[in-house]
Amino acid sequence: MANNEDLFKNVVSHSKEYGFIFQSSEIYDGLSAVYDYGQNGAELKKNIRDYWWRSMVQMHENIVGIDAAIFMHPTTWKASGHVDAFNDPLIDNKDSKKRYRADVLIEDAVAKIEAKIAKEVEKAAKRFENFDEKMFRSTNPRVMEYQKKIEEINNRFKDAMEKNDLAEVRQIIVDLEVVCPVSGSRNWTEVRQFNLMFSTAMGSVSEDASVIYLRPETAQGIFVNFLNVQKTGRMKIPFGIAQTGKAFRNEIVARQFIFRMREFEQMEMQYFVKPGTEMEWYNKWKETRMKWHNALGFPETKYRFHDHIKLAHYANAACDIEFEFPFGFKELEGIHSRTDFDLKQHEQFSGKKLQYFDPELNQNYVPYVVETSIGLDRMFLAVLSQSYKEEKLEDGSSRVVLTLPPFLSPVKVAVLPLLNKDGLPEKATEIFNRLRFSQLCQMEEKDSIGKRYRRQDAIGTPYCLTIDHQTLEDNTVTIRERDTMKQDRIPVDKVNEIVNERVGIEKVLARL
RNA sequence: GCGGAAGUAGCUCAUUUGGUAGAGCAUCAGCCUUCCAAGCUGAGGGUGGCCGGUUCGAGCCCGGUCUUCCGCUCCA
């Protein structure tokens, strides 16, 4: 077996060769960190999404699903903290390659001057008996000089930020002779504004248009609809709202194939609970989500929890479920106890109450939230890289096979007439036409049977039905199993029943 | 974002010092064969990532740009 790096490369090229993933706008040289799903990828992705949706919504009577718009009122992102947190002016030191927030560098420089003042004050306090600090500060020429400088800097910086004049921000840093603490040099790049949110304009007339953002996460669509769903669905706490959908982040560095994309799909569920019970539910959902992963049948050692030590401003507990990708253990899913932060923020910014009346306690409260959030594209990559196998066969030949869990496979069954004559294609068509009502099937007549088997192996088709001369005599076909390559003969009448049972999602859901 | 490497047919790669691009596999058509990538015949497919420069002439030299990979950095 090739090493992990080669293996990953092979997975990437396999995804293109067999229609799973293409680079976006490839004929125009592509667009960095944006990918399209091809004919097989779209099916696999849809099946993974379906597995998540069914396990969340269909299997939990107190979880319902919604589909909120990508565009949201701009204030949403002020309330959520995305506008402030994602709007920092950044600058790099060219020698140390370190990146700093420009505003922090300036603040540090100001702090240094303030320290100088403090030193003067301290010295003076020692020198004079009846020291009047206030008087000293307002009369000492050196202190006044420093103080004036600080005000100048602050005003310049404020002006620059208001005008969004990044060149001026850089000039302030240059004028202050700020040096990089690591390299000690003053070799700075331009200041750049990194906003992780994509923005666009809404409104047909440009003067009236307002800036709106493409959502950087789907969660806010759930929070703003909390009361709508609770009231119209007559939901009682604890209950959950699930959603899958696209989110957009203008990542500075986006790499590793579809692991970090600028446009990606999240599958999120926000679970609303009574304050004080959140840790209980947090642990419950950790367990439930891990079960969901393990039900796929991949080795359990491929998954691990990673607890966050440094918590985001909104969370009081958080962890990731990490998966061992070919490039190492990386975050696949996040489970966060978000407290009442989001709902309270939206209450404050919207002026609307977002509270639940608890009939048992006979009182209103803002619920706490436990969130599970998984990246669909990452899940896709996890499934694909875990299923990709390069096998050496007994006869010395080799094959590439995707040992996908059958219910996730893009094509469930391939119907193959052994010969392209003698009435076999007609018989195959008949079987194919019955089976296609319940499963996505393919029928192939071209090329040798062995070649057709390998082609189906390469896209992870779990079963091949082969129609041979015996089929015409006793109405049986062979069913070939992808992983073992073993064949059984089964009656044509039983084909639908057997196939549906084996490739169905039901037995996987039953394991949850 | 910084540094390094790469980009030739769908894929993997050739094209010795600059002289108007080839192979295998794949694809398509036909024939033959039929249970794990068989064979034969034929066909299609490339403005050499893109733009510019040097040159009589550039896939090859130079500059820029885009994309990808590796390392660092960043990452709610």
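Throughout, a chain's letter reflects where its sequence line sits, starting with A, and its residues are numbered from 1.
- Between B:A26 and B:C40, the two P atoms lie 12 Å apart (nearest whole Å).
- Taking the C1' atoms as reference points, B:C51 lies 27 Å from B:C70, given to the whole Å.
- Of the P atoms belonging to B:C62 and B:A38, the separation is 45 Å, rounded to the nearest Å.
- The residue A:Ser13 sits apart from the nucleic acid: no heavy atom pair falls under 4.0 Å.
- Within a 6.0 Å sphere centred on NZ of A:Lys302, other residues, nucleotides and ligands contribute more than 12 heavy atoms.
- Between A:Lys286 and A:Asp307 there is a salt bridge, since a side-chain N of the basic residue sits under 4.0 Å from a carboxylate O of the acidic one.
- Side-chain N/O atoms of A:Gln23 include none lying less than 4.0 angstrom from OP1 or OP2 on B:U67.
- Taking atom CZ on A:Arg262 and atom P on B:C74, their separation rounds to 17 Å, with Å as the unit.
- Between A:Lys9 and B:U68 there is no side-chain N or O to OP1 or OP2 distance below 4.0 Å.
- Residue contacts for A:Asp457: at a heavy-atom cut-off of 4.0 Å it reaches no nucleic acid atom on any strand shown.
- When distances are taken from the side chain of A:Tyr453 to each of B:C36, B:A37, B:U34, the shortest belongs to B:C36.
- As judged by a 4.0 angstrom heavy-atom cut-off over every strand, A:Lys330 is placed among residues making no nucleic acid contact.
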Which pairs, protein N/O on one side and nucleotides 40-42 of chain B N/O on the other, fall under 3.5 Å?
none

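- Between A:Gln470 atom CD and B:U34 atom P the separation is 17 Å, expressed in whole Å.
- Comparing the same atom, C1', in B:A37 and in B:G18 gives a spacing of 41 Å after rounding to whole Å.
- Here, B:C11 and B:G71 have their P atoms 24 Å apart, quoted to the whole Å.
- The cationic atom of A:Arg262 (NZ for Lys, CZ for Arg) does not lie both less than 6.0 Å from the six-membered ring centre of A:Phe248 and within 45° of the ring axis.
- Between A:Leu435 and A:Asn496, the closest side-chain pair of non-hydrogen atoms falls below 4.5 Å.
- Comparing B:A76, B:C75, B:U33 against the side chain of A:Lys421 picks out B:U33 as the nearest.
- Looking at heavy-atom distances under 4.0 Å, A:Arg480 makes contact with a base.
- Following rounding to the nearest Å, A:Lys486 (NZ) and B:C36 (C1') show an atom-to-atom distance of 14 Å.
- A:Arg502 is not listed as a side-chain neighbour of A:Pro462, based on a closest heavy-atom distance of 4.5 Å or more.
- Looking at heavy atoms from C-beta onward, A:Asn225 lies out of side-chain contact with A:Ile241 at the 4.5 angstrom threshold.
- Using a 4.0 Å cut-off, some side-chain N or O of A:Arg455 falls inside it from OP1 or OP2 of B:U27.
- On the P atoms, B:G59 is 10 Å away from B:U20, given to the nearest whole Å.
- Comparing B:U27, B:A38, B:C35 by their nearest atom to the side chain of A:Asp447 picks out B:U27.
- Between the CZ atom in A:Arg482 and the OG1 atom in A:Thr461 there is a gap of 8.0 Å [rounded to 0.5 Å].
- Nearest-nucleotide positions on RNA chain B place A:Ser448 closer to the 5' end than the other of A:Tyr35 and A:Ser448.
- Rounding to the nearest 0.5 Å gives a distance of 7.0 Å between CZ of A:Phe259 and CD of A:Glu331.
- Summarising the geometry, the separation between CZ on A:Arg338 and C1' on B:A76 is reported as 8 Å, rounded to the nearest angstrom.
- Considering only the side chain of A:Arg454, B:A37 comes nearest among B:A37, B:U68, B:C35.
- Of all heavy-atom pairs spanning A:Leu404 and A:Ser387, the tightest one is CD2-OG, 3.4 Å.
- Contacts of A:Lys446 with the nucleic acid, taken as non-hydrogen atoms under 4.0 Å apart, involve only primed sugar atoms and P, OP1 or OP2.
- Classification of the A:His14-A:Tyr388 ring pair by plane angle, with boundaries at 30° and 60°, yields perpendicular.
- Computed from coordinates, the A:Gln456 CD to B:A37 P distance equals 15 Å when rounded to whole Å.
- Each of A:Ala458 and A:Lys16 has a nearest nucleotide on RNA chain B; the 5'-most of these lies closest to A:Lys16.
- Per the geometry, CE belonging to A:Met197 stands 12 Å off C1' belonging to B:A76, to the nearest Å.
- With contacts defined as side-chain heavy-atom distances shorter than 4.5 Å, the pair A:Leu343/A:Phe223 qualifies.
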- Note on the structure: Read 5' to 3' with Watson-Crick or G-U pairs under 3.5 Å, [ ] for crossing pairs and | for partners on another strand, RNA chain B gives (((((((..((((.....[..)))).(((((.......))))).....(((((..]....))))))))))))....

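- Side-chain N/O atoms of A:His82 and base N/O atoms of B:A76 include a donor-acceptor pair closer than 3.5 Å.
- Salt-bridge formation is not detected for the pair A:Glu287/A:Lys284: no Lys NZ or Arg NE/NH1/NH2 atom is positioned less than 4.0 Å from an Asp or Glu carboxylate oxygen.
- B:G3 sits 11 Å from B:G64 when the P atoms are compared, rounded to a whole Å.
- Heavy atoms of A:Gln487 sit under 4.0 angstrom from at least one base atom.
- What separates CZ of A:Phe259 from C1' of B:C75 is a distance of 10 Å, to the nearest Å.
- The separation between A:Asn250 atom CG and B:G1 atom C1' is 13 Å, rounded to whole Å.
- Comparing B:C61 with B:U8, their P atoms are spaced 15 Å from each other, to the whole Å.
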